[in-house]
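Along the sequence shown, residues carry numbers from 1. Side chains included, hydrogens not; waters and symmetry mates left out as well; all remaining heavy atoms used. Note that the structure is a prediction, hence the values are computed from the model and not measured.
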Amino acid sequence: SMPFLCRSQGGATEGTWLERGPLAVNTVTDGVDNRMTSQYTVDGVEVDLTATLDCNILTQCWTFTNRTNAELDTLAIIHYIDGDLFFEGSFGNDYAGASVGVPKQVYEFDAGDDPNEPTTLLKLYGEEPDDRFLTGWEVAEYAESRGRISNVRDGCEPLRNGITDDRGDNQDLDGDQVTDNGYDVTIAMRFDVGPLPAGEMSPAVCYSIQWGYARACVDEDMDDICVPDDNCPTIPNPDQADRDNDGLGDACDNCPEQA
């Protein structure tokens with residue numbers, strides 16, 4: 001799990017993995033609230049991080065201050081996860097998926113996509129309900145994804161906004177929002193806060209990583225109904241009530257009694 005900070009200024013682009021290798025910056029931890037804070041400067045950007053652990057959810061909030069003498073044209077943080085879940089089999093049989101609604105959520109599952117066989121999982125999602133800073137997401141494959149994200153030769157690399165393999169080919173041909181087969185999957189999200197004038201601080205970008213044990217499917221509203229079978233995939237409706245039998249659950253239907 002690694003965040004990549006990318007910034008462009010005057011036609012030049014630089015990028016840095018912020019959590020790669022030993023942590024070589026000062027941190028302050030709070031044993032009561034399970035909170036850690038850190039501040040450091042990299043490539044002319046002052047980075048402030050507050051990380052909070054709540055049971056099985058790690059939330060990271062970042063702000064960035066432009067310490068250069070000119071505006072930053074692009075300032076993006078891309079959080080990349082290669083979960084390598086191999087409690088069952090090896091990390092080469094992981095699956096992944098993506099939600100259909102907002103806020104966007106991307107998932108990694110261990111060994112399979114059978115909703116009737118729960119498995120370990122990771123989930124990455126932004127904390128803004130309208131995804132206002134989210135500019136891209138992807139399911140991809142190690143190590144192509146990591147190399148592509150860190151390649152700043154042509155600017156900050158956009159994400160694919162799809163479920164793909166290392167060749168960029170679609171890996172969700174059956175449309176269930178989960179990869180059709182297992183491979184060494186990676187997940188990533190990109191958040192942008194630029195342009196950022198000299199001396200100014202960005203708004204806070206917050207996202208969370210959650211892990212646990214659940215059904216091997218996309219169930220973004222957590223009503224225990226997988227997206228392909230859910231008649232209202234973004235609003236919880238475990239009863240799947242549909243009074244007018246139009247295929248749209250009452251919880252999502254503006255006219256629930258008239259088809």
Side-chain angles (χ1 to χ4, degrees), residues 1 3-8 18 45 47-54 56-66 71-81 96-108 121-140 149 156-164 172 175 177-178 187-197 200-212 214 217-223 225-228 230-238 248-256:
S1 175
F4 184 77
L5 182 65
C6 187
R7 62 125 161 138
S8 296
L18 297 182
V45 177
V47 179
D48 286 89
L49 166 65
T50 299
T52 305
L53 180 63
D54 182 7
N56 64 331
I57 301 175
L58 174 65
T59 300
Q60 296 182 326
C61 290
W62 305 82
T63 59
F64 306 100
T65 303
N66 181 0
E71 181 175 81
L72 293 172
D73 304 311
T74 303
L75 184 59
I77 185 164
I78 302 132
H79 199 94
Y80 161 90
I81 298 178
S99 67
V100 296
V102 174
K104 196 71 179 180
Q105 304 170 35
V106 285
Y107 305 77
E108 181 173 346
L121 65 83
L122 290 171
K123 181 169 69 170
L124 173 65
Y125 56 94
E127 288 291 338
E128 289 284 341
D130 58 355
D131 277 342
R132 64 178 175 141
F133 300 121
L134 182 69
T135 57
W137 64 274
E138 69 178 30
V139 169
I149 288 170
C156 298
E157 182 70 21
L159 299 184
R160 290 174 171 165
N161 295 318
I163 299 174
T164 66
D172 180 28
Q177 297 298 119
V178 177
I187 58 177
M189 282 185 158
R190 171 174 166 167
F191 304 88
D192 279 67
V193 291
L196 188 65
E200 289 201 8
M201 176 185 288
S202 74
V205 173
C206 299
Y207 54 79
S208 292
I209 304 164
Q210 182 177 353
W211 56 93
C217 71
V218 173
D219 177 22
E220 59 198 90
D221 59 5
M222 295 186 293
D223 61 3
I225 309 293
C226 299
V227 162
D230 197 338
N231 62 17
C232 181
T234 60
I235 299 176
N237 64 331
L248 185 63
D250 293 345
C252 291
D253 197 338
N254 289 331
C255 301

What pair of heavy atoms forms the shortest contact from [X] to [Y], and how long is it?
{"X": "Ile77", "Y": "Val205", "result": "CG2-CG1, 4.2 Å"}
{"X": "Leu53", "Y": "Trp211", "result": "CD1-CH2, 3.7 Å"}
{"X": "His79", "Y": "Leu124", "result": "O-CD2, 3.8 Å"}
{"X": "Pro3", "Y": "Trp62", "result": "CG-CZ2, 3.7 Å"}
{"X": "Trp137", "Y": "Ala98", "result": "CZ3-CB, 3.4 Å"}
{"X": "Ile235", "Y": "Cys252", "result": "CD1-SG, 4.0 Å"}

Sorted by chain and residue number, the salt bridge (charged side-chain N to carboxylate O under 4.0 Å, His left out) partners of Asp131 (sequence neighbours excluded) come out as none
Sequence neighbours excluded, the answer for salt bridge (charged side-chain N to carboxylate O under 4.0 Å, His left out) partners of Asp73 is none
Do the side chains of [Y] and [X] get nearer than 4.5 Å, heavy atoms only?
{"X": "Thr63", "Y": "Thr50", "value": "no"}
{"X": "Phe64", "Y": "Leu5", "value": "yes"}
{"X": "Asp172", "Y": "Val139", "value": "no"}
{"X": "Arg7", "Y": "Leu75", "value": "yes"}
{"X": "Arg190", "Y": "Cys156", "value": "yes"}
{"X": "Glu128", "Y": "Leu134", "value": "no"}
{"X": "Tyr125", "Y": "Ile57", "value": "yes"}
{"X": "Gln177", "Y": "Tyr107", "value": "no"}

Could you check whether Ser208 and Thr59, counting side-chain N and O atoms only, form a donor-acceptor pair closer than 3.5 Å?
yes
Looking only at side chains, do Asp250 and Asn237 share a donor and an acceptor under 3.5 Å apart? no
If only atom types and distance count, is the side chain of Asn66 paired as donor or acceptor with the main-chain N or O of Leu196 below 3.5 Å? yes
